[in-house]
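Hydrogens, waters and symmetry mates are skipped; everything else that's a heavy atom, side chains included, is used.
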Amino acid sequence: MPAIVLLGAQWGDEGKGKATDLLGDRVDYVVRYQGGNNAGHTVVIGDQKYALHLLPSGILSPTCVPVIGNGVVIDPSVLLQEIKGLNERGIDTSKLKISTNAHLITPYHRTIDKVSERFLGNSKIGTTGRGIGPAYADKINRIGIRVQDLFDPSILKQKIEGALRDKNQVLTKVYNRKGLDVEQVFEEYLQYADILRPYVTDTGLLLDQALKAGKYVLLEGSQGTLLDVDHGTYPFVTSSNPTAGGASTGSGIGPTKITRVIGILKAYTTRVGSGPFPTELLDEDGEKLRTIGGEVGVTTGRNRRCGWFDAPIARYATRVNGLTDFFLTKLDVLSGWEKIPVCVAYDIDGTRVEELPASQSDFHHAKPIYEYLPGWQEDISSAKTFEDLPANAQAYVKYLEDISGAPMSAIGVGPGRLQTISVRDLI
């Protein structure tokens, strides 16, 4: 069976948790392939709401195996707290599998993340302060600690000593902060070995065997395309690759095994943190989108910046990821507007630009060029088919499909699991 990638097509927070959960009962494995607990997925099942940060959304499905791949950075304390919280709510987490090659976030990563962000002042990136960036930096610098290191105390201590030898110098002499104690960090992380051991395995081999056995594997990204460290609005990005290429490297599944890539696309646009945002609304419409859409970060609690739909971003996501389908979410939030603007291009210093500019400076100067579509007043949250939608809502979806480069195969009309219109089967 082929593998399927499901990822964010904007700046994250598009509703990936809802989409993954919707497919969770129809796939055998759900794999988180990058990021850390700097992102969150909200899943609503009946009257229950679940906020997931590290665990794949498939953890809520009794029939599939949730996997944390090698491309993820894991804060063990957060992971165990999340597992404990789900167990207390009656969710079985015993099937969870964790890659032996995933890297660990430590107390010194969190400390450096927070102090360095404050040190940047007005130039700050807008990180969550959870140590994700510094953990990825150590991975690339080849001084990171992996899950497998927990099971060899000698190697674990050597790596902590080596890391803190330099990092304590930076903390004390550059940031005027107290250094961290090697023994304290070592003892804390040593205790995680026995707790995590039952979950840890060679997930790359596991997934390869699953695909050969005819199983469905769903690869779930966190954040979004515009936050990709290579393809996003650098430097206002995350430290990993949420794009489709990252699904392969972050899971150990070869790219030829992936045959479908689904982009989650909000019916308007939001982002959290600093950086350019051409369609951002700093007016009553922006506040209305934020309020009706419940636009508050699952992990951070920060208000999301809100704006109208941005077609150049959607086209860019289609191109970079090789998208085969879109899952359009939160269409219901747009009920009540007389006219709905859609950004179809940018004005950059007097020149009309149809695609996302390659230059960061140009993107900072981009001003949206809008087309206006007639809105609708009806409540669409109970719509079951595309034909149930008001004519203007149907026209809006078709217009977005035409200018975005891939078919709108599913449409979210509310937060609930069943509030989804299936236009084309995603599996």
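- Not counting sequence neighbours, K97 has no partner by the side chain to side chain donor-acceptor pair (under 3.5 Å) test.
- Side chains of D325 and S409: a donor-acceptor N/O pair is present below 3.5 angstrom, by distance only.
- The nearest pair of heavy atoms linking V5 to A247 is CG2-CB, 3.7 Å.
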For this session: Could you go through the side chain to side chain contact (heavy atoms under 4.5 Å, CB included) check for D138 and K167 one step at a time?
Result: CA-CA 11 Å; D138 277 4; K167 295 183 193 306; 2.9 Å; yes
Problem set entry | Evaluation steps, side chain to side chain contact (heavy atoms under 4.5 Å, CB included), between L226 and Y234 | CA-CA 9 Å; L226 272 295; Y234 191 91; over 6 Å; no
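- A donor atom on one side chain and an acceptor atom on the other are found under 3.5 Å apart for D92 and S94.
- For the pair V27 and C64, the tightest heavy-atom approach, listed with the atom from each and the gap, is O-CB, 3.3 Å.
- Residue A102 comes nearest to I74 through the heavy atom pair CB-CD1, 3.8 Å, listed as atom of the first residue, atom of the second, then distance.
- Taking the centre and axis of the six-membered ring of F186, the NZ or CZ atom of K157 falls inside the cone set by 45° and 6.0 Å.
- At least one side-chain heavy atom of Q34 sits under 4.5 Å from a side-chain heavy atom of Y136.
- Within a 6.0 Å radius of CD in Q184, no more than 12 heavy atoms belonging to other residues, nucleotides or ligands are found.
- For an aromatic pair to be called close, the ring centres must be under 6.0 Å apart, and Y396 with Y399 fails this.
- Here the rule is salt bridge (charged side-chain N to carboxylate O under 4.0 Å, His left out) with E295, and of R271, R305, K330, R290 only K330 fits it.
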